[in-house]
Structures are given as structure tokens and as C-alpha cells.
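Convention: sequence-line order gives letters A, B, ...; per-chain numbering from 1. Every heavy atom of this structure was used, including side-chain atoms; hydrogens, water molecules and symmetry mates were not.
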Amino acid sequence: MMAEHAPVVMTLVAAVVLEQLYMAFALPVARLLVRGWHYGYTALAAPDDRAERRLEMASDAHEYLADQLSEGYKPGQAALLLLGHVLLGAWADIVWTAAHARMPRRPVLRPMRSVRVCAVSVSGLLLGLSEARLLLSPGGWDTALSVVPVLSGLAAGAVNRAMLRRDTRALTRAAQDAVRGRERRTIGARDDTD
Amino acid sequence: VYRRADELTQLEMDILGACLGVAVRGEPELHGFAIAKRIADASRSRRLTAQGTLYQSLGRLLARGLLAARWEDAHVAADEGRPRRRYYRLTAEGQAAATATGPALAATRRPEIAGA
């Protein structure tokens, strides 16, 4: 008799334990997630903007939770509501990040790096797709395996070499500009002395 | 639907309306959450404006000079055991804009805020 009901009892006990765990940890976890989100999307902003935004968002989250709890919501429910409150405005937070993110120090090289990452990712994707096609074709397993390292190596090498050449050219141009600027300044100083 | 850059959104009009409502009652400033609460109460909605959306609009109104903001004294917040609040109040321009948007607001779905 007992053995018959054992699974039901075990399920009930597990449900109660899970509910208790959820009630105990939902609120701290939600607070942590919300704080993490605030810290994450403000990370690129200038220190003053960042500190102000984090403080204001922390204050809002605090007021929101206090309000929900005072309205009689259980901590677990309030945690979910808080996550929804923040999540529904996430797009506006991203827009804020875009408006407040600081400019990179070396604007010449940063885009090239991202171009390289994009190029390698795209070539990887294309390789993956062609390999998948080979694998799906009848008897294509062996061909696919033998081609993988060769093609991957060739593609990655070619992309890297091209990007490296571009970086080198940009650096050379920047160095030449710097030298020309220095020369111009020297000539100007000499003219002033004369 | 395209909106002119100087045109106020529905939420911005609601914010100005909420600030005007409390200013008329002699309460000069409100913090962000209180503004959201007032907007929800006035529209008899249980759902508050999402965090990011509300502060995006508040930021725009600040940038346009329709609202002014100040940070609460740190000691007051510490005594009450909560983070510092940022209080918003209408500027003279904001008051004019809120009064001007009153009729427009009355014609929309949230008439109570305009009359508050």
C-alpha cells in the first residue's frame, strides 16, 4: 500500500521543497539579476553617468519591490514582477547605452578588428554550411572529413593575412601622417623664429 | 507613424501631467517611481511603466529643459535604509508645456492626469 503511494508522496514533498526554495531565493536572485543588468548596460558609460544611472535604477527597483510587497504580493511573485518591470524596458536601456557609451581610444583600429571578427565568423559559417551539405550527401562523410582541416586552415589564413595587411597599411599611414605633422610643426616654428 | 523631434510622446505628456498635478497640490517634486505610480493610478492600470522606458522619457524631458532634477540628501536615504532618490520637478517651460498639453491629454485615453 505504502509502496503504491510512494511516488505521489515523493512528488508532493519535492513540490513543497521546491516552492520553499523558490520563496526563499527568488527575491535575492531577482535583485542580483536586476543589479547585474544595471551594471552590465551601464558599463560602457562615463563614470559620472554610470554612477548616476545605477543609483537611480537601484532606487527605482527598491521602490518597486517595496510597493509590490506592500500590496500583498508574495516575495516569489514580487521577484517575477520586478524582472518583468526591468525586462520590458530593456530596449530603452540599450538605447541609453548607445547614447552614453564612450568612444574607443583608437578609432582607426577598432573597426578593423571587428571587420576581422566578422570575416572569420562568416567564413566559418560558410565552411560549416558546405561541410554540412557534404555530410548529408550520400557517401560524403569521408570527403567531408578530409576537406575540413585543409579548407578551414586556408580560409582562416587568407582572411587573417588580408586583415593584417590592412592593419599594417593603416598603421603605416598613421605613422607617415605623424611624421608629416611633426615636420610641418618644425617648419612653422623655424618660420616664426626667422 | 513618424513623430517630430520636438513633439511630446504620450508618456512624456503623462509625466508632465503627473508633475503638474502634484505641483498644483503643493507638492513640488516627485521621484521616478512615484511618477510611474501616479500615471498608473490615473489610468486605473495595475501595470507600471517599464523602468527603462520611464527613465528614457524622463531623460528626454530633462534634456529639453521641461523638467529639473536633484538628488536627495544621502543622510535622509541612509536613515530610511534605502537608495537615494532623484526628484523631478517642472520648470517654468515644463509648466507651460504641461498646461498646453492639457487639452491634448484630455482627448487621449488618460484624461484624469490632465485634470489632476
Of all heavy-atom pairs between [X] and [Y], which one has the smallest distance, and what is that distance?
| X | Y | result |
| --- | --- | --- |
| Ala50(B) | Gly89(A) | CB-N, 3.4 Å |
| Arg53(A) | Tyr55(B) | NH1-CB, 3.7 Å |
| Ala92(A) | Thr53(B) | CB-N, 3.7 Å |

Quick check for you: to the nearest 0.5 Å, what is the distance between Ser59(A) atom OG and Arg86(B) atom CZ?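 One finds 11.0 Å between OG of Ser59(A) and CZ of Arg86(B).
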
Grouping I, L, V, M, F, W and Y whenever their side-chain heavy atoms are under 4.5 Å apart, do [X] and [Y] come out in a common cluster?
| X | Y | answer |
| --- | --- | --- |
| Tyr64(A) | Leu69(A) | yes |
| Leu33(A) | Leu27(A) | yes |
| Trp37(A) | Phe25(A) | yes |
| Tyr87(B) | Phe33(B) | no |
| Val9(A) | Leu18(A) | no |

I'd like to verify something: which residue of Asp67(A), Leu88(A), Val86(A) has the highest number of heavy-atom pairs under 4.5 Å with chain B? Asp67(A)

Portion of [X] that has a non-hydrogen atom of chain B nearer than 4.5 angstrom:
| X | answer |
| --- | --- |
| Glu71(A) | side chain |
| His85(A) | both |
| Ala61(A) | both |

Got Trp71(B) and Leu55(A) here, is their nearest side-chain heavy-atom distance under 4.5 Å?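 A side-chain contact under 4.5 Å exists here.
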
Decide yes or no on side-chain contact (heavy atoms from CB on, under 4.5 Å) for Glu56(A) and His31(B), but give the supporting numbers first. CA-CA 9 Å; Glu56(A) 189 162 26; His31(B) 55 91; over 6 Å; no

Electrostatic pair Glu63(A)-Arg85(B), nearest N-O below 4.0 angstrom: yes

CZ (Arg70(B)) with more than 12 external heavy atoms under 6.0 Å: yes

